[in-house]
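Read through the structure below, which is laid out as structure tokens, and then see the notes.
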There are 2 protein chains.
Amino acid sequence: MLCYYISDINPAGPANASVILGAKRMSTTQTMSTLDPLTHDHDQCIARALDEAERLCAQRGVRLTPLRRRVLEEIWQHHEVVKAYDLIHRLSTEDHTVKPPTVYRALEFLLEQGLIHRIESLNGYIGCSHPALAHQCQLLICRGCGQVEELDDPTLSAALQREAESHGFRVDQQIVEVRGLCPHCAPAGADVSAR
Amino acid sequence: MLCYYISDINPAGPANASVILGAKRMSTTQTMSTLDPLTHDHDQCIARALDEAERLCAQRGVRLTPLRRRVLEEIWQHHEVVKAYDLIHRLSTEDHTVKPPTVYRALEFLLEQGLIHRIESLNGYIGCSHPALAHQCQLLICRGCGQVEELDDPTLSAALQREAESHGFRVDQQIVEVRGLCPHCAPAGADVSAR
DNA sequence: GTCAGAAATGTAATAACATAACATTCTGGT
DNA sequence: ACCAGAATGTTATGTTATTACATTTCTGAC
Ligand SMILES: [Zn+2]
Ligand SMILES: [Zn+2]
Ligand SMILES: [Zn+2]
Ligand SMILES: [Zn+2]
């Protein structure tokens, strides 16, 4: 199962993406399993993620409180990595500043419930695209647009698990993060210097 | 190529390790590619790492200055993850405190030269066990003893690369970290709660 | 409905990790 | 000796995360 959406049209623009204003349709030239910016209804995407979260928490007997739900909603605003202090700023208002522990506790809950993933190499967080089942995922992190594709290739995770076990290692958790350029940013290649 | 050494005898002790005082020999019962604590001459291990670093830097025309060498030496004191601020404390004396940029610049140099690896999930660093060639490695990180085994399975890294490319992703870097228990800590399993 | 305990949230302080900007010193080539 | 570039020193600050404790909210037993 995959989830990779483009919430904003890349300024540089995907060189070969099919863009027909007003007539949403799939891009035909991208090999990446993405939805075209114009085909992706992100409001619906957010709603789906939140509904799924509600459902899972109810089913598990844990509480998706307004605060936790709000944090999850903020994380789902884009398909880009979100930082804890971004959340603090976004949740704060003129008359009420949210303090770090508030956000970190919500993040902790969402991580425990598998509703988000932590991106270790960026100290950031991203919504999980298939939270119903426990899984070891591989994250493709674009340094061009900051967006993240979550893969769940059981063959890969099994191979890594096997390799670790063959060295007598008992695996708790796999952290697999691939840094690079997504298909929308790669064509522009030359102008996307290391970030 | 593998490098996994035990610098300190685990307090809990490997349940089934062969230990013959005074007569260093390989453990016969561990499946992990480790050296028995007693067979591992860590002074020699450090010396080897530093010599290799000297050789590579000379060959590449870069300067392994006393400071950089000193930082590398500290990182190699054990086979455990080292934190930047540990290094700051270890390098500081009564009459001279080392400041963060000093250490971070040395770490940056050592990372560029492939002499150390950064462990993203721990904000730590570890000596690279085969720095002569560029490589994508897999790190097995024990939560029991803090030691790290560096694997370099080209099959695994190729599989991950292929998977990413099949999604149109251009790979810069792979981060593969496996958290769990090493064979010396796993048998004691029950008493090693999550850290 | 009441109430006690548990869970969640609020708050203040601080720890841990990392970098920016600029000054000074060191090094190697001429 | 001189110069330019590399390396290091120094100050300040930015970023990420946790500890400890107070208060509020929720839940289930009665
Ligand atoms: Zn979306
Ligand atoms: Zn991109
Ligand atoms: Zn060693
Ligand atoms: Zn261990």
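Only a predicted model underlies this, so the values are computations on that prediction, with no experimental measurement involved. Naming convention: chains lettered A, B, ... in sequence-line order (proteins, then strands); numbering from 1 in each chain.
Contact of the B:Q136 side chain with the B:V171 side chain is not registered, since no non-hydrogen atoms from C-beta on lie closer than 4.5 Å. Looking only at side-chain heavy atoms (C-beta outward), A:V82 and A:E74 stay at 4.5 Å or farther from each other. In this structure, B:C182 and B:L140 have side chains that are not in contact, with every pair of non-hydrogen atoms separated by 4.5 Å or more.
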Show every donor-acceptor pair shorter than 3.5 Å between a side-chain atom in residues 101-116 of chain B and any protein atom, with sequence neighbours excluded, or say none if there are none.
{"unit_1": "B:T102", "atom_1": "OG1", "unit_2": "B:K99", "atom_2": "O", "d": "3.4"}
{"unit_1": "B:Q113", "atom_1": "OE1", "unit_2": "B:R60", "atom_2": "NH1", "d": "3.1"}

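With salt bridges taken as basic N to acidic carboxylate O contacts below 4.0 Å, none links A:R162 and A:E165.
Ring pair B:H89/B:Y85 is perpendicular by interplanar angle, where above 60° counts as perpendicular and below 30° as parallel. Classified by interplanar angle (parallel below 30°, tilted 30° to 60°, perpendicular above 60°), the ring pair A:H135/A:H117 is perpendicular.
Each end of the helix from C:dG1-D:dC30 to C:dT30-D:dA1 gets its own axis from five base pairs, and the two axes differ in direction by 30°, given to 10 degrees.
Donor-acceptor pairing under 3.5 Å is recorded for the side chains of A:E177 and A:S121.
If you measure from atom CD of B:E120 to atom C1' of C:dC17, you get 12 Å, rounded to the nearest angstrom. The CD1 atom of B:I119 sits 12 Å away from the P atom of C:dA18 (whole-angstrom rounding). For the pair A:E108 CD and C:dT9 P, the computed distance is 12 Å after rounding to whole Å.
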Query - Contact state string [nucleotides 7-18 of chain D, B base, S sugar-phosphate only, - no protein heavy atom under 4.0 Å] - result: SBBBB----BBB
